Structure formats: structure tokens, C-alpha cells
*Asks:* 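Dumping the structure here so I can ask a few things about it.
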Protein chains: 2
Amino acid sequence: MAGAGSAAGSVPGVPGQPVVVRALSLLAQFTEQRRALNLSELARLADLAPATALRMVRHLTEWGALEKLEDGRYVVGVRLWEIASLSPRGHGVRQIALPYLEDLYEVTRHHVLLAVREGHEAVLIDRLSSRTATEVAYRVGGRMPLSTTAVGQVLLAYTAPDVQEELLAQPDGEGGGPGRVPAKDLRALLAEVKQAGAAVVRRTHPSQTVSVAAPIRGAGGDVVAALSIVVPDAATQAHEMVPLVRASALAISRSLGHQGKASGAWRHPAPAARGNSSA
Amino acid sequence: MAGAGSAAGSVPGVPGQPVVVRALSLLAQFTEQRRALNLSELARLADLAPATALRMVRHLTEWGALEKLEDGRYVVGVRLWEIASLSPRGHGVRQIALPYLEDLYEVTRHHVLLAVREGHEAVLIDRLSSRTATEVAYRVGGRMPLSTTAVGQVLLAYTAPDVQEELLAQPDGEGGGPGRVPAKDLRALLAEVKQAGAAVVRRTHPSQTVSVAAPIRGAGGDVVAALSIVVPDAATQAHEMVPLVRASALAISRSLGHQGKASGAWRHPAPAARGNSSA
DNA sequence: AGTGCATTTTCACTCAGTGAAAAGTACGAT
DNA sequence: ATCGTACTTTTCACTGAGTGAAAATGCACT
């Protein structure tokens, strides 16, 4: 490859980025607000020469990662979606958790959320909402802050200490939105969450709501996702919800192959592959 | 790059495949049955030198397209899932169609399917199924043949003639499974489907069922997806379902911005972006 | 200690990828 | 019609990013 940023102009900030990463960075330019992009936008956003962007976009399109609209703009393709649906932490947990989410929704008739941690944020894997429920700020596939949401706090509380430190060390950068919590308080908060096996967060912003979240464990015993319900503040005493959410989360954990507590006294024959071959 | 297939051994069949495509072909090795692959499997399946596969897999992992398990195997990452959730023809239609699918499900209590065409097959975008309903063969994110399924026939019937010809010209290759239909009969069948605005397929294989599918149109007026219900053969006269499915499909089409028939006499102010910013 | 298999590092070679520039295309304004 | 602007696509000579064989390392059985 030519001097990506060596000799000529280009941005010295991104000199020798591998081709693969550059191609992926094109995909990363698509967001909720920007679902369709034309070539020059893509090139500009990804900081690539138009000719380079064109070549890559063509390869991506040819393969199906992108699709070209009639107006010349590009959108994320079904082929990519198809493969992404094999993501264990994406559609994977969703598939298994869905029936339980539905039960929880059936019983409460409030928002039910399922999220996993991805880097310094939580990603919303699925959401069930009645059309008449209160508004929620997040969409499926979108990201939510770790420290200020119930699911986020649960995921954070059960994260390996080293990663946790890394996150707590962060200044206020990123999503330091409304309810920014000082690292000190957060540390204490996370301890409480772990203690209680659930997080309860009161919110006033989009509307008056209370979220209750609990951890979901995988076969390995570590927390792989978080389950949450969001109820209008006026509704039931929020804390009454804690056992319900925890129980549902435990049920999902069991479906994922988690063997209850670490008291490995006896074991079932083996939950085996559990191919979730249906859905 | 070195002579991918020029001088030395290697497979002469895939000589100068672009890097991007090769990287993507690694992703393409993941399937329903093979959700976790180790490096050598990936290298073998994608026909790459181990060293090359390693380098690429590292880039993919670094970026989040893949995730490395503790046992060293790789799985599709959440980051990819996240971006794929922006696919208009994937999660996009799903988001908009979901409420209507739910209504249809509520009323019938049978399987409800949503699918789009991708190349020579249909991809199942979403499925609602009661736990007690009859079995279905396909999973969300999976592929189904065009010519032998109700959704497939609908998608095929409304495909641009040139693509249609290309598909009909095919020998028996691909999914030529149980109910292989001769090209001639299929042509007539598709005409009927277009005439009726729906496809009805009777099936005996996994179980005795009847599928009824209808086309969903996008803002441009062309068919972008197909809606279907699958009922046990014993149930209601299948043909009674046709109006129901067609009506649901029309409702979804409207939500997608389709302006009814092509009688472009008057127009609404503009359905605008319809950001489906919720979900 | 020894065998077999997977992962990772090394290294010299070279061709796939690069980007500036120019040509082609589409659309609007004047 | 004629010019202007912005986007897309082609061309081309250059070169360093990517390549893969081979060797080293690591790991799990035996």
C-alpha cells in the first residue's frame, strides 16, 4: 500500500492503519442518525481518499456488507446483519432470554430491557415495550452509559476489577450527561449493587421512572448481561420489583447453562450444547 | 501483498482476492452450526495461510467484529451486531413491522414470519411463535429457499425480471431440497402469486402446515419484504387467511411510506424521515 | 520425556493497495 | 443553453503494507 500518511498530505494522525481496520471504520460511520451515506461523506468521515473509499466500499458492497441505494447512497447490508445475528452476546443471549423477557413483560406490562457491556458502555440487546408505556431513551442496538443506568451499574459492578478501574479512572469525557456520578460515590454504589444483587435507579429526565436491574450469568459463572424493567415512578414501590427481576435474571442464567451458586457439590449430566437451533 | 497464488503453492483458485474481501470471508465462515471457531479452522475454511488469518483475525478482534473466547476460539462480536442493527432491510423493516406482526400473532396465535430477499435466497428477519405452535424449520437470521416457501415465492414474484430470469435459469444446484419446482411451472406459479397478491404453500415436511404470504412495499413502491403466517393444515381454511395477511402487509407498507396504489393523483405532505428513533 | 496439534513470531519479497489528478456525470442556478 | 459546483469514477506510477513458508513457542495428552 502507498504511504497512507507518510509522505504527502493526509492526516498524520492515522498513518499506517491496516486496510482491514480502515474498511471497518467505514462501516463504523453509520449511526442511528446517519443510516445512509454517500461516498464522499463516507470518505470524509472515515478520513480516506475518495478513490480509496470507493474501492473499499465496492468490496464491501460486492460482499454484501453494504448495499447501494438507487440514489447512490450506501446503507448497511442484510448480509452483515445475517452474520451479526450469530453473535452470541448479541442475538445469542436475546434468543435464549426472549421468552423470559416476555413473561416479565406479561406480568408487569412495563418496559423490559436486556443489555450487555461493550467497552465503556452498555449495548441494548432487546427491549419489549407496550405502545402505551412511558418513553425510554434508548433503542435496540444503541449504547447507554454504564454509570447512570440500572443495567449499566449492574454490568459495571460485576466487571473484572482491572476493567472496572480503567472505567472509573476516566475523567468525565464520554457520556457524562445528566446524572454524572463521582468515582468515589460510584465505587460505593457498585458495592451496594453487588451486595443486593440488583441496581435501582431513579430517573426524572425523559420522564419520572424507576429502573430495576439484575445480573445474568453465563455458563462460566460470570455476568454476561443485565436484565431490567423500567416502571413509572408513580407505580408500585420500586423495591417490590427487585425479587421479580432477580428471579427472572436467574431463570435466564439457568437457561444459559449457569449452575446456580458456586457450590459445585453435584452436577447435572451436562446442559450440553443447547444449540438454540430454533428461533 | 505477496503473490497470493502466483508463484508458490497456495490455491490457484483464489489468487488475488482483495484484502477486505478476504477479511470478510473470515466472518462468513461463522454459521448457525459453527458459532465459535479457532484460528486454524478459520484459516482452513477461508483458505488462508495461518499467519495471514491470524493477522486479520487480530484486526477484526481489535475492532470488535470478532471476540476472543477464553479457550482461544473466536465468535462474532457485539460491535458487528450493533452496526448491523442499522441495516434498513434488517432491523430497519423489523422495527417498523414488529407491532403489526404482533397484532397478527395476537389474532391468529400462529407463526408469523418476516423475510427479505438476499441474492438467491430469502433471509428470515423476524419470527413470532408461541411456544406451543407447530415447529418451523427456519431461524431468525437464517436463509430459506425462494421457490419453495411462501415468503420466497412472494419475493421472487415481485423481483425485477432480469434478476428473476437469472434465478430461474439456475439448474437445481442450491436448495433444491424436497419440493423442487420445474422452472416452467414456477413461472406460471409466480404469475398467479402476482395476480392474487399472495402466495399459499402447503407443506408436509417438518409437519403438516400451510403458509400464506403477502408482499410488503417500501416508499419507492417496490416490494422490499414479505409477510407470512404458518398455520397447521388442520386449522382454518387457509384461503381465509389471505385477506388477513394481505391487509397486514399493506398496513406495514403504509408505515414504510408506501403511498397506496400507483395512482399518484394526490400526495400527502410527506411521510418524512420517520426516524423510528424509538425502539 | 515425547508426540501431535494450534498459535505465534520472523523475515525477505513483492504485488495489492494507494492517492493525486483528471475525466466523467448529475444537478441547479442564471 | 452555459456556466458552476459537487460527487463519482478512472487512470497511473509508486511503494510499503501485506504476504506466507518456515521455525519457534506453547499446550494437552500419553
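Chain A is the first sequence line, chain B the second, and so forth, proteins listed ahead of strands; every chain is numbered from 1. For clarity, every value in this text was computed on a predicted model and none was experimentally measured.
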*Asks:* How many Å lie between CG on A:Leu26 and P on C:dG17, as a whole number?
*Replies:*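 The answer, rounded to whole Å, is 14 Å.
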*Asks:* Would you say the side chain of B:Leu190 lies within less than 4.5 Å of the side chain of B:Tyr158, judging by non-hydrogen atoms?
*Replies:*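 B:Tyr158 vs B:Leu190: side chains apart.
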*Asks:* A:Glu70 CD to C:dC27 C1': how many Å, rounded?
*Replies:*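 Rounded to the whole Å, the gap is 18 Å.
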*Asks:* Counting heavy atoms from C-beta on, name the nucleotide in C:dT8, C:dG17, D:dG20 closest to the side chain of B:Tyr74.
*Replies:*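 From the listed options, C:dT8 comes nearest.
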*Asks:* What integer distance in Å separates B:Leu39:CG from C:dT8:P?
*Replies:*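 Interatomic distance, CG of B:Leu39 to P of C:dT8: 7 Å.
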*Asks:* May I have the distance from A:Arg22 (atom CZ) to C:dT18 (atom C1'), rounded to whole angstrom?
*Replies:*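 In whole Å, C:dT18 C1' and A:Arg22 CZ are 8 Å from each other.
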*Asks:* Given atom CG of B:Leu69 and atom C1' of C:dT7, what is their separation to the nearest angstrom?
*Replies:*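 It is 16 Å, rounded to the nearest whole Å.
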*Asks:* Output the single nucleotide from C:dT18, D:dT19, C:dA6 whose closest atom is nearest the side chain of B:Val19.
*Replies:*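 Nucleotide nearest to B:Val19's side chain: D:dT19.
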*Asks:* Does some side-chain heavy atom of B:Glu70 sit less than 4.5 Å from a side-chain heavy atom of A:Asp222?
*Replies:*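 Yes - at least one pair of side-chain heavy atoms lies under 4.5 Å apart.
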*Asks:* Which comes earlier along DNA chain D counting from the 5' end, the contact point of A:Arg73 or that of A:Val20, where each point is its nearest nucleotide?
*Replies:*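 Upstream on the strand: A:Arg73.
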*Asks:* Report yes if at least one side-chain N or O of A:Lys68 is closer than 4.0 Å to OP1 or OP2 of D:dT9; otherwise report no.
*Replies:*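 For A:Lys68, the contact criterion (side-chain N or O under 4.0 Å from OP1 or OP2 of D:dT9) is met.
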*Asks:* Applying side-chain contact (heavy atoms from CB on, under 4.5 Å) between A:Val20 and each of B:Leu26, B:Val57, B:Val19, report the one that passes.
*Replies:*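 Testing each of B:Leu26, B:Val57, B:Val19 against A:Val20, the sole residue satisfying side-chain contact (heavy atoms from CB on, under 4.5 Å) is B:Val19.
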*Asks:* Roughly how many Å is it from CG in A:Leu60 to P in C:dG17, rounded to a whole number?
*Replies:*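 So the CG-P distance, A:Leu60 to C:dG17, works out to 12 Å.
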*Asks:* Under 4.0 Å between a side-chain nitrogen and a carboxylate oxygen: does that hold for A:Arg89 and A:Glu118?
*Replies:*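 Salt bridge flag = yes for A:Glu118 with A:Arg89.
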*Asks:* Which of the following nucleotides, C:dG17, C:dT18, D:dG18, is nearest to the side chain of B:Pro18?
*Replies:*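 Of C:dG17, C:dT18, D:dG18, C:dG17 is nearest to the side chain of B:Pro18.
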*Asks:* How many whole angstroms separate atom CD of A:Glu41 from atom C1' of D:dT8?
*Replies:*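 One finds 13 Å between C1' of D:dT8 and CD of A:Glu41, rounded.
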*Asks:* Nearest 0.5 angstrom please: A:Arg143 CZ to A:Arg117 CZ, how far?
*Replies:*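 So the CZ of A:Arg143 and the CZ of A:Arg117 are separated by 11.0 Å.
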*Asks:* Take atom CG of A:Asp71 and atom P of C:dA26, then tell me their distance rounded to the nearest Å.
*Replies:*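 After rounding, the gap between these two atoms is 14 Å.
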*Asks:* Counting only side-chain nitrogens and oxygens, does A:Ser40 get under 4.0 Å of the OP1 or OP2 atom of D:dT8?
*Replies:*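 Looking at the OP1 and OP2 atoms of D:dT8, one of them is under 4.0 Å from a side-chain N or O of A:Ser40.
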*Asks:* Does the side chain of B:Arg58 get closer than 4.0 angstrom to OP1 or OP2 of C:dT9 through an N or O atom?
*Replies:*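 For C:dT9, OP1/OP2 do have a side-chain N/O of B:Arg58 under 4.0 Å.
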*Asks:* A:Leu54 or B:Thr52: which one's nearest nucleotide on DNA chain D is closer to the 5' end?
*Replies:*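 Mapping each residue to its closest nucleotide by heavy atoms, the 5'-most match is A:Leu54.
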*Asks:* Report yes if a side-chain nitrogen or oxygen of A:Arg55 is closer than 4.0 Å to either non-bridging phosphate oxygen (OP1 or OP2) of D:dT10; otherwise report no.
*Replies:*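 For A:Arg55, the contact criterion (side-chain N or O under 4.0 Å from OP1 or OP2 of D:dT10) is not met.
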*Asks:* Could you check which of C:dG17, D:dG20, C:dT7 has an atom nearest any side-chain atom of B:Ala49?
*Replies:*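 From the listed options, D:dG20 comes nearest.
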*Asks:* Measure from the side chain of A:Ala51, starting at C-beta and using heavy atoms only, and say which of C:dT8, C:dA20, C:dG17 lies closest.
*Replies:*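 The listed nucleotide nearest to A:Ala51's side chain is C:dA20.
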